[in-house]
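Only one structure is covered here, and it is reproduced in the block below.
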Amino acid sequence: MAFPSWFRWSDSQLRLPSRNPNDMVVDTLMMELGWQIKQAERLQRDKENEYRKIMTGVDYSWLVSYPKHSFDISPGERLQLEDACSKVHPSYCGPIILRFRQIVAEYDPDVKEVPHLFRSVLQEAAEKMKEEDEVKKLARQWTTKRAMSMSLTTFKSRARIYPFMSDIKTISEDVEREAEPTRRVWSMPEFRTTKDD
């Protein structure tokens, strides 16, 4: 008997359903925030242990058991951060994480400051996305206006060019009448508009 026939599901059911990219962005960014909070807690505990060790001269850190996760974001703040994360385009997810890590490394924040830094990075990204959208919008408008103006030049123009005909009276015309008739070369053609009857 074949081993796979014992299972009730088929290969097509084994595939994981595809997830919405925005949900993946929210999950990824919130996991990064959680990880940075844990790291900040660990660094804070390490600093406290070093301080106690210096003050007492004895290291009892091997005796202490710490809670796995003591700081938690309030539900309202979490919802606000998730909402801000949901507005992020998937292509910005990586740069946001890199910027957030860079800021955390620069400032070495307290645990309670980490969510505020995360919010500021999300706001920076939202402003940058808005600026890029405006630039794209202006570029699209310029392209459409350019295409419209180009399409207007393809219409049949009412202006006709008559390079050797002129009804314009000039001062030099009197001189030309008395002079011998010579072939005149014009530097610019004359434009006339014809009226459609």
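Quick caveat: nothing in here was measured; it's all calculated off a predicted structure.
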- Closest approach of H116 and E77, non-hydrogen atoms and distance? CE1-OE2, 4.0 Å

- Closest heavy-atom pair, P115 versus I37, reported as atoms and distance to 0.1 Å, is CG-CD1, 4.3 Å

- Query: Any chain of hydrophobic side-chain contacts (each under 4.5 Å) joining I73 to L43?
  - Reply: no

- hydrophobic_cluster_shared for Y107 and I96, side chain cutoff 4.5 Å: yes

If you measure from [atom1] on [X] to [atom2] on [Y], what distance do you get to the nearest 0.5 Å?
X	Y	atom1	atom2	value
Q141	E134	CD	CD	10.5 Å
C85	R78	SG	CZ	10.0 Å
Q44	Q39	CD	CD	13.0 Å
D23	E82	CG	CD	10.0 Å
E106	R99	CD	CZ	6.5 Å
L122	E127	CG	CD	11.5 Å

Validation row: [X], [Y] side chains within 4.5 angstrom (heavy atoms):
X	Y	answer
V88	N22	no
E124	K128	no
M30	L33	yes
E32	L29	no
V114	P109	yes

- Message: Salt bridge or not between D108 and K47? Use side-chain N to carboxylate O under 4.0 Å.
- Response: yes

- Decide, yes or no, whether a salt bridge links K137 with D133 under the criterion of side-chain N to carboxylate O below 4.0 Å. no

- Task: Ignoring hydrogens and angles, tell me if any N or O in the side chain of E113 forms a donor-acceptor pair with the backbone of D110 under 3.5 Å.
- Result: yes

- Message: Quick one, Q80 with D83, criterion side-chain contact (heavy atoms from CB on, under 4.5 Å). Give me CA distance, side-chain angles, the key distance, then yes/no.
- Response: CA-CA 5 Å; Q80 289 174 352; D83 183 51; 5.6 Å; no

- Message: Apply side-chain contact (heavy atoms from CB on, under 4.5 Å) to residues R42 and R45 and explain how you reach the verdict.
- Response: CA-CA 5 Å; R42 186 185 59 78; R45 276 194 310 263; 4.0 Å; yes

- Message: F100 and side chain to side chain contact (heavy atoms under 4.5 Å, CB included): which single residue from V104, L98, I97 fits?
- Response: V104

